[in-house]
Visitor: 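Mind having a look at this structure? Questions to follow.
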Amino acid sequence: MEALLEGLNDAQRAPVLQKDGAMMVIAGAGSGKTRVLTMRIAYLMQQGVDAFNILSLTFTNKAAREMKTRIGTIVGNSEAKNLWMGTFHSVFAKILRIEGHHLGFPPNFTIYDSQDSQRLISAIIKEMGLDKDIYKYKQVHSRISSFKNSLITVKAYYQNPELMEADAMAKKPRMGDIYKEYVDRCFKAGAMDFDDLLLRTNELLARFPEVLAKYQKRFQYILVDEYQDTNHSQYLIVKALADRYQNICVVGDDSQSIYAFRGANINNILNYQKDYEDVKVYRLEQNYRSTKNIVEAANSVIEHNKTKLDKIVWTANDNGPKIIVHRSLTDGEEGRYVASTIFEEKMNKQLKPSDFAILYRTNAQSRAMEDALRKREIPYRIFGGLSFYQRKEIKDVLAYLRVLTNPNDEEGLKRIINFPARGIGATTIDRLVIASKQYNKSIFEVMENIQHIEIQINNSTKNKLYNFVNMIKSFQITAENADAFVTAEEVARKTGLLQELKKDGTPEGIARIENIEELLNGIRDFVEGQKEVADATGSLAEFLEDVALATDLDKEVDDVDRVSMMTIHLAKGLEFPYVFVVGMEEDLFPSGMSMNTRSELEEERRLFYVALTRAEHQAYLTYTESRYRWGKLIDAEPSRFIEEIDESFLDIQTPMESYRYKPLVDTDIFGEPDKSKLRLKKPIAGSAPTVGKPSADQLQKLRKLRPQGSSTPPLQTDDLNGNLKAGSRVEHNRFGHGEVLGIEGIGQDQKAEIRFQTGGIKKLLLRFAKLKILE
DNA sequence: TGCACCGATGTTTTT
DNA sequence: CATCGGTGCA
């Protein structure tokens with residue numbers, strides 16, 4: 001026990017030692033709150049609290065896993081495994097699997113991801129004959145989502161004149177009808193969307209006192225991390241569960257609340273003291289993570305926010321280097337700056353790639369960074385964005401698995417019913433949907449009974465449907481007798497998905513096949529892994545739930561040491577020695593969508609605070625003068641957040657003033673500069689300028705804007721392919737070594753014909769192929 | 001019914 | 001620039 005408390009400072013120790021009652025830990029960035037949570041749980045267990053009686057809600061499943069492991073080393077692994085730990089969504093999905101039948105849901109209900117929800121909403125809008133330009137499916141989805149997160153059910157909506165009026169004013173008087181149809185359809189499909197996992201849990205606890213009592217008794221001690229980012233729905237769940245024992249510990253930092261856009265309510269933490277009796281408040285204000293420069297710079301930024309709790313974050317760490325502010329001409333150059341800085345720092349200071357992180361506001365920004373890192377041959381990993389599980393081929397395989405697990409899953413079914421093509425077209429599907437409404441059955445049930453119902457479908461199509469149903473049923477039989485891996489493999493083979501891809505033979509097709517193989521491997525690993533988990537069976541349903549709720553951070557990582565790239569949102573809770581925050585520009589960060597109200601802007605500022613405080617040793621802020629956005633080069637100006645940092649913490653490599661002397665050539669008065677031209681030309685340093693107006697890259701050279709002290713070598717332009725010619729030896733990460741036989745096409749369409757040692761001649765689009773030139 | 005092409009349209013962040 | 005839905009042809 002003593003050992004457990006060692007290494008905690010007084011402030012950290014106090015909340016660990018308070019065993020009972022309601023408490024709140026206001027924890028500044030880098031103050032060791034994860035440590036406190038971990039130790040508190042370990043301490044509870046050492047005091048004799050049964051692991052089964054502890055519920056710990058974390059922000060990512062990865063965080064939960066890591067905490068479990070750490071607790072395991074203190075109290076023993078077998079005990080630690082019994083802890084209920086995970087995100088709100090995953091913990092309550094598990095509970096809903098057990099208790100959902102009270103609400104009429106099957107235990108194997110499907111979890112719809114955002115795309116499923118949006119497709120369904122889209123279909124509903126169309127079926128209702130509404131104008132899709134007025135009822136935009138994304139807007140409708142986010143509105144429905146916010147209803148759910150505020151616990152406004154369809155019934156509550158219709159009883160709320162204000163809401164209905166607001167929608168009527170927005171020219172969407174049928175909003176409620178769409179909402180109703182959407183909820184009905186999800187229910188009929190045996191599906192819950194992300195918001196349902198919380199909303200339905202609330203419904204369950206509210207409507208079934210015996211269920212509430214069961215879980216109240218079970219969860220005698222509740223801990224919630226990142227409480228500042230809980231929404232109303234989550235708040236109520238916690239409140240209901242904690243009501244009996246009131247042993248609740250919430251941890252959070254109001255300065256790091258960055259999820260208002262998905263309903264997070266900062267008042268949950270600001271008003272916490274009113275919600276429970278005799279709340280003890282602890283503050284962790286000493287930052288162990290970052291240098292003085294970073295901590296104080298971050299403080300100086302967050303000062304600009306009006307809404308916040310009193311808290312002073314300080315550190316006893318060294319001053320450290322100042323924050324480097326760097327300006328680039330374009331996003332391409334920004335990428336090159338970041339890549340070469342990483343390259344040099346890594347060399348000079350003997351650092352690993354994993355010591356660096358590149359953080360950005362929007363996923364789209366990863367592109368330029370990726371290109372630059374790849375050229376420098378710096379290994380990187382992108383978190384978020386288009387995740388593996390969102391790729392089409394993966395979603396297709398998963399859709400089959402979903403449907404065989406839950407045949408009523410409408411969105412899954414629509415995805416695969418005619419893919420690969422089997423002659424079941426749009427009209428047939430429409431008629432099935434109509435019949436399913438008419439008979440109040442799911443589409444699959446309609447198909448099963450197609451012979452016995454009246455439907456306008458000809459016999460040959462009926463036969464095709466019959467075959468499809470039989471195929472799914474045969475998969476179900478496999479699933480009953482074999483594990484998830486075997487089932488998935490059979491699906492991939494028998495549906496013809498793999499054949500479909502094999503026959504197209506393009507590099508993209510091959511990549512897709514490999515992705516599917518990777519998915520199968522993933523399933524196998526999962527099945528293996530589940531054997532060690534207490535109450536798991538390794539079933540397909542478990543796998544699908546895991547996939548649906550996995551954060552990108554949860555992904556298994558390989559052992560290659562890499563630079564991390566992710567949005568700032570995803571970086572919350574993480575730390576890196578060297579952090580680049582790129583795209584520090586008005587309209588991008590703060591986002592143009594979030595500058596309209598004070599509260600939105602303050603959230604952006606908190607986001608910046610989060611970004612800065614990820615850095616342990618050195619932070620870099622970069623911005624550009626112009627950047628490609630929606631395909632066009634547009635002007636940019638430095639983010640106000642840079643100015644908000646007390647200047648004494650900054651090392652401004654490119655003085656802001658010089659920005660004003662920007663020559664006007666930059667924004668092309670003749671028309672927009674064409675990106676393809678930038679890519680096309682092959683300016684080896686010193687080559688004669690191409691005819692016509694100077695390109696951005698040439699301008700860059702002409703103007704010699706590069707700051708003193710930057711040791712960035714004058715890299716060649718984007719064009720790696722410039723050196724590629726017949727006879728070149730190249731390496732491809734998938735196909736291995738090969739020899740270029742010829743080049744054809746220009747610009748975006750340029751292809752190289754390559755003979756690979758592994759056999760086979762392939763034509764690769766240079767735009768996609770990641771070729772390394774060997775000689 | 002299936003497929004290829006076209007233009008319109010939208011881009012913040014995520015479970 | 002990327003995705004989506006619609007259109008027109010086989």
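Order of the sequence lines fixes the chain letters, A, B, ..., with proteins taken first and strands second; residue numbering starts at 1 for each chain.
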Visitor: Under the 3.5 angstrom rule, does the side chain of A:Thr201 hit a backbone N or O of A:Leu197 as a donor-acceptor pair?
Guide: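 Here the side-chain-to-backbone pair exists.
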Visitor: Can you figure out which of B:dT1, B:dT14, B:dT12 approaches the side chain of A:Glu604 most closely?
Guide: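 My answer, after comparing the listed nucleotides, is B:dT12.
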Visitor: What is the nucleic acid contact for A:Ser594, judged by heavy atoms within less than 4.0 Å: base, sugar-phosphate only, or nothing?
Guide: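 Touches a base.
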Visitor: Answer with base, sugar-phosphate or nothing: what part of the nucleic acid does A:Lys126 contact at a heavy-atom distance below 4.0 Å?
Guide: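 Touches sugar-phosphate only.
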Visitor: Rounded off to whole Å, could you give me the NZ-to-C1' distance for the A:Lys132 and C:dC4 pair?
Guide: 9 Å
Visitor: Between A:Gly425 and A:Ser591, which is nearer to the 5' end of DNA chain B once each is assigned its nearest nucleotide?
Guide: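 Checking each residue's closest nucleotide, the 5'-ward one belongs to A:Gly425.
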Visitor: Side-chain donor-acceptor pair under 3.5 Å between A:Tyr609 and A:Asn305, yes or no?
Guide: no
Visitor: Say you pick atom C1' in C:dG5 and the same atom in B:dT12; how far apart are they, in whole Å?
Guide: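 Here C:dG5 and B:dT12 have their C1' atoms 24 Å from each other.
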Visitor: Tell me the interatomic distance from A:Asn363, atom CG, to B:dG10, atom C1', rounded to whole angstroms.
Guide: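 Spelled out: CG on A:Asn363 to C1' on B:dG10 is 16 Å.
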Visitor: What nucleotide, of B:dT12, B:dT14, B:dG2, holds the atom closest to the side chain of A:Ala421?
Guide: B:dG2
Visitor: Using the P atom as the point on both nucleotides, what is the distance between C:dC4 and B:dT13, in whole Å?
Guide: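 It works out to 16 Å between them.
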Visitor: Mind checking if A:Asp195 touches a base, just sugar-phosphate, or nothing, with heavy atoms under 4.0 Å?
Guide: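 No contact.
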Visitor: Is A:Ser114 touching bases, backbone alone, or none of the nucleic acid, heavy atoms closer than 4.0 Å?
Guide: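 A:Ser114: base contact, heavy atoms under 4.0 Å.
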Visitor: Which is true for A:Tyr259 with a 4.0 Å heavy-atom rule: it touches a base, it touches only sugar-phosphate, or it touches nothing?
Guide: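 It contacts sugar-phosphate atoms only.
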Visitor: So, does A:Asn108 use its side chain to make a donor-acceptor pair with the main chain of A:Thr405 at under 3.5 Å?
Guide: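 Between the backbone of A:Thr405 and the side chain of A:Asn108 there is a qualifying donor-acceptor contact (under 3.5 Å).
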Visitor: Which residue lies toward the 5' end of DNA chain B, A:Arg361 or A:Asp133, if each is placed at its nearest nucleotide?
Guide: A:Asp133
Visitor: Give a yes or no answer on whether the side chain of A:Asp116 reaches the backbone of A:Asp113 with a donor-acceptor pair at less than 3.5 Å.
Guide: yes
